[in-house]
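Numbered from 1 within each chain, the chains take letters A, B, ... in sequence-line order.
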Amino acid sequence: MNYYEIAIIGANLAPLTYESQCVLNEFEIVTIKLRNKTQNGCIIKAVPKPDFKTLPVIERLNLTFTQLQITLAKFISYYYTCEIGVSLGLFEPFSHYRKSKCSFIKAPNLSPLQLEAAKFIKKNPISLLFGDTGSGKSEIYISLIREYLNLGKQALFLMPEISLTPQMQERLEAYFGDSVGVWHSKITPKKKQNLLSEFSQGKIRLIAGARSALFLPFSDLGLIVVDEEHDESYKSNSDPYYNAKDLAIYIANKMGIKCILGSATPSLNSYAKFPNFRLKGRFYASQKEYIYDHSPTGLNELILGEISQALQAKKQVIIFLPTRANFKFLICQKCGQSMQCPYCSIALSLHKKNRAMRCHYCGFACMIPSVCAQCNSDMLESRKIGTSELVAQIKEYFPFASIAKFDRDEITTQKKLTTLLKNFNEYKIDIIVGTQMLSKGHDYHNVSLAIIMGLDEHLDYSDYQARSKSLALAMQVAGRAGRANYGRVIIQGLKCEFFAEYMDEFDRFIADEMAVREGLYPPFMRLLRIKIEDKDESKAVSKMQQILGKLKSMAELEIVGYGKCIIELIASKHRYQILLRSATHTPLLKASKIARDYGALPDIDPVNFS
DNA sequence: AGCACGCCGACT
DNA sequence: GTCGGCGTGCTC
């Protein structure tokens with residue numbers, strides 16, 4: 001009889017020992033019984049006969065994980081301190097792969113500077129392509145992808161949110177046709193099956209996808225492109241809190257895969273760690289003028305005047321506002337209380353559309369009250385304008401303009417997204433009002449005016465990346481204007497001086513920000529955030545205290561702070577946290593494991609501090 | 001005493 | 001993650 005340690009795929013369990021008549025291969029996938037239920041398991045290693053009774057392996061599936069997948073899964077389990085069963089659960093297993101070859105004739109024409117960039121990328125195993133919006137990064141990616149595909153290799157093109165960027169997909173398909181497969185976690189089961197089958201047949205050899213595309217069964221991966229590498233969406237928002245960009249870098253290093261990180265507003269981390277090629281200037285010759293409007297969020301004479309001029313010139317306008325609904329607050333003018341979610345420490349947003357107050361965290365909804373729940377006063381006032389209200393207000397001023405809203409409430413399906421983009425590019429829409437969605441890589445050809453509102457609050461977030469995120473966001477939105485030959489950008493806010501200082505000067509921002517972060521934050525120091533959540537507040541507090549007790553004596557570990565999270569309550573769970581800092585990873589790994597022992601959630605290299 | 005519920009630890 | 005054992009507390 002043979003004995004094997006088997007990781008139960010998807011289970012938060014250490015590998016368990018089973019017996020088998022046959023000799024099994026490392027990493028092959030089998031079915032076993034756990035608590036009398038059939039589950040998939042992955043053979044980790046052969047072990048001697050244990051001193052407890054073992055159950056037999058039920059069936060050998062004709063599936064395995066690839067070397068790359070195993071390497072990554074082990075790294076995730078090590079670096080993010082989760083069980084191997086959990087990290088393996090992220091991956092799509094491998095059935096077989098037929099290597100296919102076909103050459104792609106069509107290649108983009110590169111400018112001398114683009115050629116130089118491509119040469120630089122070829123020379124360095126991992127490099128940062130620091131290229132302004134519109135400077136032609138895509139052609140460089142495509143040119144390199146083509147080279148790898150023509151060598152018979154597979155390529156992976158990672159994007160923050162593929163579903164939001166149909167244009168990039170179209171572009172890749174224009175060059176690589178049916179060899180492109182689009183992957184994200186919300187793909188329908190049918191499409192997923194088709195893609196996996198074509199992928200294993202070698203028909204699909206370029207995957208364009210969101211962070212989870214890294215977990216597909218690549219067997220001959222030659223190139224990974226991480227587009228918009230500064231984007232936070234590469235970071236998982238549930239345990240394990242992996243960062244697909246960092247995983248791409250790790251696997252590229254480990255397995256000799258070429259890796260390109262691309263951004264117009266790169267992360268300080270990538271800038272510090274990798275050689276970069278600076279691609280300046282715009283591919284489309286255009287002028288841009290910045291107007292800084294030092295006033296609170298909302299429409300005013302300046303903005304209305306600019307919109308009016310743009311519309312008269314038959315140009316289009318985009319307006320960025322990072323707030324959904326009509327208003328973010330409903331405040332009682334008598335007692336000052338804003339209406340709160342009963343399950344979260346979050347103000348309820350006012351949605352006029354279905355006459356509801358809604359919590360954007362847990363989904364709780366109720367009717368719009370007519371009196372204050374605290375003091376019964378009827379002097380309720382809406383505060384902090386959102387996209388819906390802004391659309392309504394603009395309609396009042398420009399009744400003949402066609403105005404569209406572009407946010408999570410409005411764009412609920414892929415179809416709605418493509419329809420909106422199509423209508424906008426066909427000039428059926430004059431003005432788009434939207435949230436972050438708007439800043440993603442869409443090409444708007446006729447936009448002459450971009451208005452950026454409501455970023456003051458972003459700058460205030462107690463987050464070491466508040467400045468870089470805000471500036472990157474503003475630059476991304478600004479980059480959407482002026483693919484037409486002339487663009488105006490209005491940045492509104494009481495802190496617009498910050499943007500005035502750095503807009504279109506990201507190089508200088510990086511230099512200044514490095515000085516701010518030195519000795520405190522990445523790329524100089526590493527962070528670990530431990531989250532403690534419990535429905536019983538006293539339990540959360542005591543767990544936090546116990547963890548702190550264990551951490552206090554640890555060497556080379558600084559306890560930056562601890563206490564309630566900024567959002568104290570979400571979905572009836574009380575939230576506490578500990579923030580730790582270290583120059584090296586090892587102390588943070590130890591701390592992370594201690595957190596796990598108490599059922600807390602360790603978030604290594606956190607990007608979110610709420 | 002009998003049963004529902006929720007907590008917590010074990011799962012090979 | 002999820003199942004089941006066990007303690008608590010409510011009801012008959």
Side-chain angles (χ1 to χ4, degrees), chain A residues 1-61 63-65 69-70 73-74 76-78 80-93 185-186 189 212 215 236-242 343 362 530-547 549-550 569-576 592-604:
Chain A
M1 192 61 87
N2 305 287
Y3 297 91
Y4 297 97
E5 273 191 2
I6 298 181
I8 287 90
I9 297 166
N12 184 15
L13 273 182
L16 303 174
T17 309
Y18 289 81
E19 60 184 50
S20 165
Q21 297 281 358
C22 345
V23 174
L24 304 174
N25 301 315
E26 247 190 347
F27 315 140
E28 81 164 282
I29 298 170
V30 296
T31 60
I32 45 85
K33 289 250 168 174
L34 176 68
R35 291 164 172 268
N36 223 20
K37 271 175 83 180
T38 307
Q39 301 225 267
N40 288 352
C42 174
I43 308 298
I44 300 298
K45 63 177 180 201
V47 289
K49 183 177 178 8
D51 51 14
F52 48 78
K53 262 177 81 178
T54 51
L55 291 177
V57 167
I58 309 286
E59 190 188 1
R60 295 175 76 174
L61 302 175
L63 288 174
T64 179
F65 287 111
Q69 291 182 307
I70 292 292
K74 284 184 175 169
I76 292 169
S77 152
Y78 158 79
Y80 298 103
T81 65
C82 66
E83 291 296 347
I84 187 83
V86 170
S87 60
L88 282 173
L90 297 166
F91 291 81
E92 292 293 332
S185 55
K186 284 168 218 134
S212 60
F215 304 131
S236 152
N237 46 21
S238 61
D239 185 36
Y241 295 96
Y242 67 86
Y343 308 110
C362 74
I530 295 173
K531 278 198 281 185
I532 302 119
E533 300 181 342
D534 206 304
K535 290 204 171 174
D536 180 340
E537 184 166 14
S538 63
K539 275 190 188 168
V541 173
S542 85
K543 249 192 236 177
M544 179 181 73
Q545 295 295 357
Q546 289 176 66
I547 297 170
K550 292 244 175 178
L569 190 70
I570 295 181
S572 302
K573 277 186 179 167
H574 295 270
R575 305 170 77 244
Y576 281 75
S592 184
K593 285 186 182 139
I594 291 170
R596 295 259 186 222
D597 291 341
Y598 288 90
L601 293 166
D603 180 358
I604 299 230

Taking [atom1] from [X] and [atom2] from [N], how many angstroms apart are they, rounded to a whole number?
{"X": "A/Lys539", "N": "B/dC8", "atom1": "NZ", "atom2": "C1'", "value": "9 Å"}
{"X": "A/Asp534", "N": "B/dC7", "atom1": "CG", "atom2": "C1'", "value": "11 Å"}
{"X": "A/Lys543", "N": "B/dC7", "atom1": "NZ", "atom2": "C1'", "value": "12 Å"}
{"X": "A/Asn12", "N": "B/dG9", "atom1": "CG", "atom2": "C1'", "value": "13 Å"}
{"X": "A/Asp536", "N": "B/dC8", "atom1": "CG", "atom2": "C1'", "value": "14 Å"}
{"X": "A/Asn40", "N": "C/dG1", "atom1": "CG", "atom2": "P", "value": "18 Å"}
{"X": "A/Asp597", "N": "B/dA10", "atom1": "CG", "atom2": "C1'", "value": "16 Å"}

- Message: Set out, in order, the CA-CA distance, both residues' side-chain angles and the distance that settles side chain to side chain donor-acceptor pair (under 3.5 Å) for A/Glu537 and A/Tyr576, then state yes or no.
- Response: CA-CA 9 Å; A/Glu537 184 166 14; A/Tyr576 281 75; 2.5 Å; yes
- Query: Are A/Glu26 and A/Lys45 close enough for a salt bridge, meaning some N to O gap below 4.0 Å?
  - Reply: no
- Message: So A/Lys535, base contact, sugar-phosphate only, or nothing? Heavy-atom distance under 4.0 Å.
- Response: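 No contact at all - A/Lys535 keeps every heavy atom at 4.0 Å or more from the nucleic acid.
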- What residues, two or more places apart in sequence or in another chain, satisfy salt bridge (charged side-chain N to carboxylate O under 4.0 Å, His left out) together with A/Lys543? A/Asp534
- For A/Thr81 and A/Ser592, run side chain to side chain donor-acceptor pair (under 3.5 Å): C-alpha distance rounded to whole Å, both residues' side-chain angles, the deciding distance at 0.1 Å, then the answer. CA-CA 7 Å; A/Thr81 65; A/Ser592 184; 2.7 Å; yes
- Query: Looking at B/dC11, B/dC7, C/dG1, which one has an atom nearest to any side-chain atom of A/Leu13?
  - Reply: B/dC11
- Task: Indicate yes or no: at least one non-hydrogen side-chain atom of A/Thr17 is less than 4.5 angstrom from one of A/Pro50.
- Result: yes
- Message: Expected output is a numbered-order residue list: members of residues 16-39 of chain A with a heavy atom under 4.0 Å from any atom of DNA chain B. What is it?
- Response: A/Leu16, A/Thr17, A/Tyr18, A/Leu34, A/Arg35
- Query: Hey, would you say the A/Phe65 and A/Phe215 ring centroids sit under 6.0 Å apart?
  - Reply: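 No: the rings miss the under 6.0 Å criterion.
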